[in-house]
Number of protein chains: 2
Amino acid sequence: MSRSNPRVLSTLERAGGFASAQEVYRLMQREGESIGLTTVYRSLQSLVNDKIVDVLRRDDGEAIYRLCGDAHHHHLVCKGCGDTVEIEGGAIEKWAKTMAEEFGFREVGHTAEIFGLCQKC
Amino acid sequence: MSRSNPRVLSTLERAGGFASAQEVYRLMQREGESIGLTTVYRSLQSLVNDKIVDVLRRDDGEAIYRLCGDAHHHHLVCKGCGDTVEIEGGAIEKWAKTMAEEFGFREVGHTAEIFGLCQKC
DNA sequence: ATGGAAATGAAAATCATTTTCATTTGTGAT
DNA sequence: ATCACAAATGAAAATGATTTTCATTTCCAT
Ligand SMILES: [Zn+2]
Ligand SMILES: [Zn+2]
Ligand SMILES: [Zn+2]
Ligand SMILES: [Zn+2]
């Protein structure tokens with residue numbers, strides 16, 4: 001495993017909102033930072049592993065990353081503009097637990113996301 | 001624009017649940033159907049345009065398609081052996097709808113999956 | 001039959017992401 | 001300071017899904 005290059009995280013912060021690996025890379029280049037695309041990818045992956053950033057998918061399939069608080073939560077994402085709202089998953093947490101118990105599953109986790117078109121789109 | 005090749009739709013039906021373009025293509029080949037990958041892609045796109053099929057993204061970014069009319073359900077997947085149980089998402093359907101309304105989102109969909117270790121694993 | 005439009009698919013192009021691997025850098029012991 | 005070894009780096013190649021190109025075939029209306 002490799003540790004995240006701190007300049008990648010700093011750039012993602014500065015980008016505000018979501019940015020893809022390619023975008024972070026281009027941004028760093030434009031700002032005169034010397035870094036390889038591979039390192040950007042590795043750093044973002046590492047940040048995802050450490051749950052410091054979230055990863056989602058654009059409609060075109062490109063992965064986009066964003067800083068994320070560590071509290072467990074879910075997302076409501078606009079298919080049009082990518083705007084995202086962090087939401088509570090109370091009902092889901094219960095649902096996942098109940099279902100898992102019913103079928104005897106252990107070490108249970110879950111993913112859940114809502115997507116649609118926001119008011120502006 | 002091209003119209004969808006009916007054999008693609010028929011294959012997607014037979015696949016049950018979600019299938020990627022590549023999977024539909026492989027399935028048709030295995031069944032001895034003569035078709036080009038390009039046509040599979042074009043047909044699926046056309047079906048999406050006509051809102052006959054839904055498209056989502058797997059975690060790895062691959063696009064997966066399914067008939068819109070399919071009975072909507074969710075999955076409980078074993079991380080160990082891959083065994084999958086189809087489950088009802090009652091609580092989630094309500095949660096998604098409520099959250100979307102609260103934030104004024106339209107044309108809303110959602111994904112939700114539970115994963116863990118089954119009894120055998 | 002004839003001409004043009006639509007459909008088809010093989011091959012090439014695209015593009016994000018991953019893998020490989022040689023080089024550089026950092027660290028700790030001597 | 002020197003040596004040894006692990007971690008980090010990045011250029012280049014590989015991968016894999018998807019799209020584009022374009023020549024050919026199939027349909028259909030006249
Ligand atoms: Zn929007
Ligand atoms: Zn949750
Ligand atoms: Zn299992
Ligand atoms: Zn559901």
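Chain letters run A, B, ... following the sequence lines, proteins first, then strands; residues in each count from 1.
- Partners of B:Glu13 according to the side-chain contact (heavy atoms from CB on, under 4.5 Å) rule, which considers only residues two or more places apart in sequence or in another chain, are B:Leu9, B:Leu67.
- Nucleic acid contact for A:Ser34: sugar-phosphate only, since backbone atoms but no base atoms lie under 4.0 Å from a heavy atom of the residue.
- Rounded to whole Å, the distance from CD on A:Glu33 to C1' on D:dG10 is 15 Å.
- Under the ring pair (Phe, Tyr, Trp, His ring centres under 6.0 Å) criterion, A:His110 pairs with A:His72, A:His74, not counting sequence neighbours.
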Produce the list of close N/O pairs, under 3.5 Å, pairing protein atoms with atoms of nucleotides 14-16 of chain C; give distances to one decimal.
none

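- Closest contact between the side chain of A:Thr39 and the listed nucleotides C:dT17, D:dG10, C:dA7 involves D:dG10.
- Between B:Asn49 atom CG and D:dT19 atom C1' the separation is 15 Å, expressed in whole Å.
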Protein-nucleotides 11-14 of chain D N/O pairs closer than 3.5 Å?
residue	atom	partner	partner atom	Å
D:dA11	N6	A:Thr38	OG1	3.3

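- Applying the salt bridge (Lys or Arg N to Asp or Glu O under 4.0 Å) test to A:Asp54 and every residue at least two apart in sequence or in another chain returns nothing.
- Taking atom CG on A:Asp60 and atom C1' on C:dT17, their separation rounds to 13 Å, with Å as the unit.
- For B:Glu23 and D:dT18, the CD to C1' distance is 15 Å, given to the nearest whole Å.
- Both B:Phe103 and B:Ile92 belong to a single network of hydrophobic side chains, linked directly or stepwise wherever heavy atoms of I, L, V, M, F, W or Y lie under 4.5 Å apart.
- Evaluation of the side chain to side chain donor-acceptor pair (under 3.5 Å) rule for A:Arg14 yields A:Ser10, A:Glu31 as partners, not counting sequence neighbours.
- The phosphate of D:dT9 (OP1 or OP2) has a side-chain N or O of A:Asn5 nearer than 4.0 angstrom.
- In the hydrophobic cluster analysis, where Ile, Leu, Val, Met, Phe, Trp and Tyr join through side-chain heavy atoms closer than 4.5 angstrom, B:Val85 is grouped apart from B:Phe115.
- With sequence neighbours excluded, the residues forming a side-chain contact (heavy atoms from CB on, under 4.5 Å) with B:Arg58 are B:Ser20, B:Glu23, B:Asp60, B:Glu62, B:Ile64, listed by chain and number.
- Between B:Gln45 and D:dT19 there is a side-chain polar atom (N or O) within less than 4.0 angstrom of OP1 or OP2.
- Pairs of residues two or more places apart, or lying in two chains, that qualify as side chain to side chain donor-acceptor pair (under 3.5 Å) and include a residue from residues 112-121 of chain A are A:Asp83-A:Lys120.
- Screening residues 13-49 of chain A for ring-ring contact (aromatic ring centres under 6.0 Å, His included) gives no qualifying pairs among residues at least two apart or on separate chains.
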